Amino acid sequence: MDSTSLLSRMAALQPAMLADIGALVACESPSADLSAIARSADAVARVGEQRLGVPPERIVVDGRVHLRWRFGLGAPRVLLLCHHDTVWPLGTLARIPFSVTDGVLRGPGCFDMKAGLVLALHAVTELADRTGVTLLVTADEEIGSPSSRQLIEAEAADCAAALVLEASADGGALKTERKGTSLYRVQVHGRAAHAGLEPERGVNATVELARQVLALTSIADADHGTTVTPTLMSAGSTVNTVPASGELAVDVRVRTCAEQDRVEAAMRALAPALPGARLEVVGGPNRPPLAASASAELFHRAAGLAASLGLPPLTCAAVGGGSDGNFTAGVGVPTLDGLGAVGGGAHAENEHVLVDALAPRAALLAALVEELLASPR
Ligand SMILES: [Zn+2]
């Protein structure tokens with residue numbers, strides 16, 4: 001692909017990209033509102049069909065509409081991963097309308113990630129050969145992807161790469177590492193007794209929880225980036241009763257699967273400290289980590305392509321929050337995230353997209369997909 005002509009072709013598409021982002025932002029899509037999500041899926045299908053020439057498959061899971069464009073299943077395959085839901089409730093648009101002023105685009109969900117979705121549509125239109133490309137647009141990323149996780153993992157399974165169009169980090173940095181999460185609840189079962197008359201006959205769940213809090217925090221490993229954070233805690237029934245039961249929530253963040261496994265084993269091995277107390281540990285790994293090793297090779301390629309397109313040097317960032325890229329990395333597929341819009345203010349009032357960066361980002365994505373289809377490893 002001639003890099004100069006790719007960049008200038010994308011620059012010529014900028015007015016169309018702005019119109020498409022405007023059309024998608026105008027259709028509000030809070031994750032929890034199924035009818036809003038259905039209307040948004042219609043809007044994405046309409047814009048996508050106009051650009052790609054074919055309608056998407058509509059995949060409805062638990063009442064949520066996910067969209068998929070598959071351009072042949074021949075090897076190698078590349079997955080472009082987007083979502084069309086946002087964190088913004090209906091009515092936000094009245095307060096923050098779609099606008100483009102002085103090179104800055106605004107509107108609910110523009111940065112996370114309707115602009116990224118439009119970049120993907122336009123990058124695919126510019127490919128000389130789309131065979132092997134799948135564009136998946138899910139509807140529940142902002143609430144942890146309960147209805148799309150299986151679809152994402154199945155679609156990614158035999159792909160050479162998953163490219164995630166989430167918003168970039170500061171200054172357009174790609175997201176090359178995301179921590180994995182595990183969530184636990186530690187339930188303590190003790191024995192009630194009157195706190196004044198015969199406390200010695202009780203087994204104090206609050207005291208047991210205190211011992212567990214201290215035991216838990218020692219599972220963390222700062223050197224490996226593993227945090228184990230006790231969060232919500234409750235115990236007892238009245239102020240003058242030895243507590244018979246209690247519960248503690250634990251938030252775990254890890255950089256590697258090995259650490260996620262180590263913490264899982266340590267949580268399962270927790271033992272009660274007080275005679276007569278009993279522990280139950282429920283929960284476990286939620287999102288696997290997107291480890292730096294899953295993105296290194298793809299980032300290297302993207303950086304090389306950015307240079308040959310004459311773009312500023314690409315930067316990368318490690319972030320604590322998760323995305324659907326955690327799931328594709330979790331099934332062993334090389335994954336590069338944060339390829340979407342450049343801007344800022346995700347989930348915040350000042351959410352915005354820099355218009356000048358749209359064409360270069362779309363060109364970079366098209367060049368990366370083309371190279372991956374030509375030489376997947
Ligand atoms: Zn997002």
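Given the structure is predicted, the values throughout are model-derived calculations rather than measurements. Just so you know, ligand 1 is whichever comes first in the structure, and atom 1 is the first atom listed for that ligand.
Within the 3.5 Å criterion, the main-chain N or O of Ile59 finds no donor-acceptor partner in the side chain of Arg64.
With hydrogens and angles left out, the side-chain atoms of Thr226 and Glu259 include a donor and acceptor closer than 3.5 Å. No side-chain donor-acceptor contact under 3.5 Å links Thr335 and Ser295. For the residue pair Asp140 / Ser147, a side-chain donor-acceptor distance below 3.5 Å is found, with atom types taken as modelled.
In terms of distance to the Zn ion (ligand 1), the nearest N, O or S atom of Glu166 is named OE1. Residue-level check: among N/O/S atoms of Asp112, OD1 sits closest to the Zn ion (ligand 1). Closest N/O/S atom of His83 to the Zn ion (ligand 1): NE2.
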